[in-house]
Protein chains: 4
Amino acid sequence: MNKTKKLIFDAAVKCFSKKGFHKSTMDEIAETAGVAKGTLYYHFKSKEDIFKFVIDEGMTVIVNEINDKTAKLDNPVDKVAAVCEVQFQMTIKYIEFFRTVLSQMWGDEERQLQLREALKKYFEVIEINLKEAIDKGLIEKCNVEVIAFNIFGVITSTVLYNNTHEDVNFDELSDTVINFIMNGINQHY
Amino acid sequence: MNKTKKLIFDAAVKCFSKKGFHKSTMDEIAETAGVAKGTLYYHFKSKEDIFKFVIDEGMTVIVNEINDKTAKLDNPVDKVAAVCEVQFQMTIKYIEFFRTVLSQMWGDEERQLQLREALKKYFEVIEINLKEAIDKGLIEKCNVEVIAFNIFGVITSTVLYNNTHEDVNFDELSDTVINFIMNGINQHY
Amino acid sequence: MNKTKKLIFDAAVKCFSKKGFHKSTMDEIAETAGVAKGTLYYHFKSKEDIFKFVIDEGMTVIVNEINDKTAKLDNPVDKVAAVCEVQFQMTIKYIEFFRTVLSQMWGDEERQLQLREALKKYFEVIEINLKEAIDKGLIEKCNVEVIAFNIFGVITSTVLYNNTHEDVNFDELSDTVINFIMNGINQHY
Amino acid sequence: MNKTKKLIFDAAVKCFSKKGFHKSTMDEIAETAGVAKGTLYYHFKSKEDIFKFVIDEGMTVIVNEINDKTAKLDNPVDKVAAVCEVQFQMTIKYIEFFRTVLSQMWGDEERQLQLREALKKYFEVIEINLKEAIDKGLIEKCNVEVIAFNIFGVITSTVLYNNTHEDVNFDELSDTVINFIMNGINQHY
DNA sequence: TATGAATGAGTCTTCATTCAT
DNA sequence: CATGAATGAAGACTCATTCAT
């Protein structure tokens, strides 16, 4: 990703998260990026294309960061818990990105499918560990795909939903949802 | 709600759920409702106004239906479980309405606040029962607001996310998420 | 064709003939018609659609006018000559329309096909008479489709090509081309 | 014309003939030529300038080729017929070039004038022979400029118009139009 | 000579809203 | 109550042209 493309990427994340995909205009993205409108189209085919790039690129960064931070753990249950904690912190850190993700999660069918594709990478991290935990008899059998999806949903939506309050205690919030999740997969944590 | 307004309400739900708020046009809503475009403006101030009406009216119907169906239960934990089950069925029944709700949950700030206001009624049903369960020592102490919100999120998003698959086993899905939730609030169910 | 549509039709003919299809803008057409730009789109699907309407409607008017003015003639050769004369006068009368037609005759494939479809009506008038003349032994056998097309081409292009000169003697011009055509179909006229 | 300029010339002819002047983009011409877009501007002032060059250069090539192939004939009537035949073959050979010519013949005024200027060279070949034929009493008196123009028009437009059919019999077509033309100038051929 | 990233004016098109009937 | 023609502001996208390298 060269310099100009990076400028556009950052601007797009900012705009999409602030106003959603539809209300963000190419003019705004260009102005935010500090480039001419034509430049957007030199680097991207369309607004849709920028969105796709933002999601794909963003999810890759995030999945890598999660993998890095949970690499040293062996026990799959510990790993799921660690992923949750990291995901919680990541949502706070990249809150604009995740607002972009969730805002498009239930909109246009086409953009929805792109999103699911990009989220796969993330879900897989959790699914693998859930499966291993089940195989080792650490947690009860369950539909790992559904649970992985919900773990992501619970964490991100909780952070976003509560982010508007002025005096959020994110530590307590983190404990609450991770407790809910770990209990949910039948592991008093 | 007179006949014409009802036609518009149904049409709006259908359009909003199919294409989201922004991609739904007043022309489409009018055509779907079988009325002239001007008629929309006779009954509603604006497109925003139709959205607001749809959400408010829809949530009222749903909360009432939930209350009806869980009225006879006494035990607060049973009641939470029952609300979950009913909510699961309701999401299937009114799937277009809930897609509309979720599609706007993380978008435009103004519409987000309207949504939260409307959802309060639903959350309260769960919060009251969670509190009672905590008071009676049936479940552990927790942040009831956060949990109520997540119960709603887990159920609706699971139904919507899996609705695209062609051969969904909703019964298994229901067991999975309700199990996850009830475990989550520390009640092996 | 109601009043507004007629305004747009006239404006479109004027613009297309003056600057061609591509260089004519919807803004210009709207301004020339004295309506708002949105009004164009209330009555027509697209710029392309306006073009199609202009050609179809225009050719219908012209073919009708030609048929009216040549109705009373019986002899097919006389009729072809009469059609030529009328066509010559029509090209002068509706010169802007015919410039529009010729300007698009060799451009975009799609618009070209529309044009051919619309011109069929006109060609048929000539083809029928040529065939009859051949059948009656009045002129030699020839490929009537090719000749009909060329009769149209010779007349319209001659008028348009010479229209730029300031002091055109249209009567002499008319004699020249009609003589050329009638000789061409082997009828010293 | 050096190598790069020749690449651009060929690419421009191809593009202009396929999509017309307006729909052809500098990007396409550059890509077709296999050079960078900036290179077009190194060799030409503008898109208009490329068009002008294409027409001028093309017509020169064609007029030379016609002169070569009809040089040995003496009789002016034979020469006109020969020019027609050669022109027919040339239109088939350089069909894309002639589509470019005709597509701009009735459009933008400025480009129209350039075209007429370039066509003069061709018309003159015919005009000279027509005049000589008239002077020698071989054909009747006529407006040679109008006839020369129409001879060009009839031949090129017939080839182009019929080129879309899949199974064109160009020999029959050639006979038809040349017969039409030679009869037209009053010379049963 | 040649390149290709960057530009921004210009275009088509959409659509919520108004209003006379 | 209901209509639908008309509006115009706004937005996505195109593309000839420039210029630093």
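This structure is a prediction, so every number in the text was calculated from the model and none was measured. Every chain is numbered from 1, with letters handed out A, B, ... down the list of sequences.
Between B:E28 and the options B:K37, B:K19, B:K18, a side chain to side chain donor-acceptor pair (under 3.5 Å) holds for only B:K19.
Per the geometry, NZ belonging to C:K5 stands 16 Å off P belonging to F:dG4, to the nearest Å. In this entry the distance linking CD1 of C:I50 with C1' of E:dC12 reads 11 Å, nearest Å. With rounding to whole Å, B:Y42 atom OH is found 17 Å from F:dG4 atom C1'. Atom CD in A:E31 sits about 14 Å away from atom C1' in E:dG8, given to the nearest Å. In this entry the distance linking CZ of A:F44 with C1' of F:dT14 reads 18 Å, nearest Å. In this structure, the CD1 atom of C:I29 is 10 Å from the P atom of E:dT13, given to the nearest Å. Going from atom CG of A:D49 over to atom C1' of F:dA12 covers 14 Å, rounded to whole Å. Rounded to an integer number of Å, the gap from NE2 of C:H43 to P of E:dT13 is 16 Å.
A sub-4.0 Å separation between OP1 or OP2 of E:dT1 and a side-chain N or O of D:T4 is absent.
Within the model, atoms CD1 of A:I29 and CZ of A:F44 stand 9.5 Å from one another, a figure rounded to the nearest 0.5 Å. Atom CD1 in B:I8 sits 5.0 Å away from atom CG in B:L40 (nearest 0.5 Å).
A pairwise comparison of heavy atoms in D:F97 and D:V54 identifies CE1-O, 3.5 Å as the closest pair.
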Treat primed atoms plus P, OP1 and OP2 as sugar-phosphate and everything else as base, then score nucleotides 16-21 of chain F 5' to 3': B for base contact with protein heavy atoms under 4.0 Å, S for sugar-phosphate contact only, - for none.
BBB---
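The aromatic rings of B:F9 and B:F53 lie perpendicular to each other, with more than 60° between the two planes, well past the 30° mark.
Using a distance-only test at 3.5 Å, with no hydrogens or angles considered, a donor-acceptor pair links the side chain of A:K47 to the main chain of A:F21.
The side chain of B:N2 has F:dC1 as its nearest neighbour among E:dT3, F:dC1, F:dT3.
In summary, D:E96 and D:R99 do not engage in a salt bridge, as defined by a charged side-chain N under 4.0 Å from a carboxylate O. Salt bridge status for D:K14 with D:D10: absent, with no side-chain N to carboxylate O gap under 4.0 Å.
Counting non-hydrogen atoms of neighbouring residues, nucleotides and ligands closer than 6.0 angstrom, the CD atom of A:E48 exceeds 12 such neighbours.
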Pairing of DNA chain F as dot-bracket, 5' to 3': ( ) intra-strand, [ ] crossing, | other strand, . unpaired, with Watson-Crick or G-U pairs under 3.5 Å?
.||||||||||||||||||||
